[in-house]
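Contents: one structure, followed by commentary.
Hydrogens, waters and symmetry mates are skipped; everything else that's a heavy atom, side chains included, is used.
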Amino acid sequence: MSDLEDWMRGRIKRLSVGDPAARATLARLRAPNATLADPRLAALFEGLPLSDWELAHPEVGSDSEAAALAALRLYSSSVQRHAGQSDMAWSQAAALLASKGDNGAARGYTRVMRATTWSGLTRALRSLTALMAARGMGCDFARLAADLRQWRDLERRDAVRMAWARSWAYPPKKKETNK
């Protein structure tokens with residue numbers, strides 16, 4: 001588990017308490033113009049683990065910050081639809097839906113995998129996670145944040161896509177009960 005995943009799990013836990021401050025933060029994250037520059041979101045990003053390079057170059061947008069913001073925005077929309085965090089990768093959850101005959105999940109997966117820009121990727125993930133949430137299925141947003149950080153690195157992008165393809169191809173099997 002990466003440092004970003006640990007940080008994300010802490011933030012998700014903090015946002016899941018349901019108090020008025022957490023609900024207000026989730027609403028701000030769902031806003032179409034939510035950015036790291038929003039002073040009302042600044043406290044949420046305290047302690048975000050940044051690489052040495054990111055710390056040395058504050059003038060450049062940080063991959064860690066962009067990934068964390070994107071994953072938290074997806075999480076906030078999922079919570080609004082009463083889904084939220086689970087231990088399943090987004091691609092496994094989408095594969096599970098597709099295996100049940102949900103063609104929208106298969107199309108959404110294809111759009112995510114074909115995305116070549118950050119905005120295209122986040123738009124495709126937003127659409128797919130909304131579909132998953134509408135079906136009552138969440139995903140592991142902490143792991144997604146770590147994947148998104150790596151996806152932003154062109155040298156790692158294909159490895160991330162390969163990991164997503166593997167989890168799509170081998171979705172979790174239903175547990176059998178002995179009754």
Side-chain angles (χ1 to χ4, degrees), residues 1-86 89-91 93-94 108-109 111-134 138-157 160-161 164:
M1 185 176 316
S2 75
D3 54 347
L4 181 57
E5 282 181 76
D6 284 340
W7 183 88
M8 281 289 297
R9 288 188 200 298
R11 290 309 179 270
I12 288 170
K13 184 176 181 179
R14 198 166 109 191
L15 291 170
S16 66
V17 296
D19 66 18
R23 286 195 303 273
T25 300
L26 288 168
R28 281 190 214 53
L29 286 165
R30 284 191 299 273
N33 59 347
T35 67
L36 292 168
D38 183 339
R40 296 169 299 173
L41 291 176
L44 183 63
F45 289 90
E46 287 177 9
L48 177 69
L50 301 176
S51 70
D52 291 339
W53 191 92
E54 289 171 325
L55 289 170
H57 297 87
E59 72 284 358
V60 178
S62 159
D63 290 344
S64 298
E65 291 165 334
L69 178 62
L72 285 169
R73 292 189 73 205
L74 293 169
Y75 170 76
S76 69
S77 294
S78 184
V79 168
Q80 183 182 28
R81 294 175 178 90
H82 307 291
Q85 175 79 358
S86 82
W90 73 266
S91 48
Y109 168 81
R111 281 193 294 273
V112 169
M113 295 299 281
R114 288 184 176 169
T116 57
T117 65
W118 179 248
S119 63
L121 177 68
T122 56
R123 189 174 37 256
L125 280 167
R126 187 171 42 253
S127 176
L128 181 56
T129 56
L131 173 71
M132 290 166 30
C139 70
D140 188 341
F141 290 97
R143 186 181 336 169
L144 177 58
D147 288 347
L148 291 175
R149 177 172 57 184
Q150 288 189 22
W151 189 94
R152 290 179 58 91
D153 181 343
L154 288 174
E155 293 179 8
R156 294 181 178 173
R157 189 171 293 176
V160 172
R161 283 188 181 128
W164 290 346

Heavy atoms of R143 and A89 approach each other most closely as NH1-CB, 3.3 Å
Sub-4.5 Å side-chain heavy-atom contact between L74 and W90: no
Throw together a table of side-chain donor-acceptor distances under 3.5 angstrom for residues 14-24, partners on residues two or more places apart or in other chains.
| unit_1 | atom_1 | unit_2 | atom_2 | d |
| --- | --- | --- | --- | --- |
| S16 | OG | I12 | O | 3.3 |
| S16 | OG | K13 | O | 2.9 |
| D19 | OD1 | A21 | N | 3.3 |
| D19 | OD1 | A22 | N | 2.7 |
| R23 | NH1 | G18 | O | 2.1 |

CG (L125) and CZ (R123) are apart, to the nearest 0.5 Å, by 11.0 Å
Taken to the nearest 0.5 Å, the spacing of R149 CZ from R156 CZ works out to 8.0 Å
- Can you find a pair of side-chain heavy atoms, one from Y75 and one from L144, that are under 4.5 Å apart? no
In terms of heavy-atom contacts, L4 and A145 come closest through CD2-O, 3.5 Å
Those residues at least two apart in sequence (or on a different chain) that pass side-chain hydrogen bond (donor to acceptor under 3.5 Å, both in side chains) with D38 are R40
query = Would you call R111 and L128 a side-chain contact if the rule is heavy atoms closer than 4.5 Å?
reply = no
Would a 4.5 Å heavy-atom cut-off, applied to side chains only, mark L72 and L26 as touching? no
For R114, the salt bridge (charged side-chain N to carboxylate O under 4.0 Å, His left out) test, sequence neighbours excluded, returns none
Notebook entry, point to check: Mind checking whether R9 and D140 have side chains closer than 4.5 Å, heavy atoms only?
Noted result: yes
Sequence neighbours excluded, the answer for side-chain hydrogen bond (donor to acceptor under 3.5 Å, both in side chains) partners of W164 is D147
Check: Checking Q85 side chain against F141 main chain: does a donor-acceptor pair fall under 3.5 Å?
Finding: yes
W7 side-chain N/O to S2 backbone N/O, donor-acceptor pair under 3.5 Å:
no
Applied to residues 50-69, the salt bridge (charged side-chain N to carboxylate O under 4.0 Å, His left out) test, sequence neighbours excluded, yields D63-R152
Side chain to side chain, W53 and V60, heavy atoms closer than 4.5 Å: yes
- Could you check L148 against T122 for side-chain contact (heavy atoms from CB on, under 4.5 Å), going step by step and ending with a plain yes or no? CA-CA 9 Å; L148 291 175; T122 56; 5.6 Å; no
Residues A146 and E5: closest non-hydrogen pair is CB-CG, 3.6 Å
For A34 and L29, the nearest pair of non-hydrogen atoms, with its separation, is CB-O, 3.8 Å
ask   = Less than 4.5 Å apart, any side-chain heavy atom of L50 and any of S64?
value = yes
Quick check against the 3.5 Å criterion: does R157 have a side-chain atom that pairs as donor or acceptor with the backbone of W151? yes
R161 meets the salt bridge (charged side-chain N to carboxylate O under 4.0 Å, His left out) criterion, sequence neighbours left out, with D158
Interatomic distance, CZ@R11 vs CG@D6, rounded to 0.5 Å, equals 11.5 Å
Review point. Is there a donor-acceptor contact under 3.5 Å from the side chain of R30 to the main chain of S77?
Key: no
### Sidechain-backbone polar pair: R28 side chain, L41 backbone, donor-acceptor under 3.5 Å
no
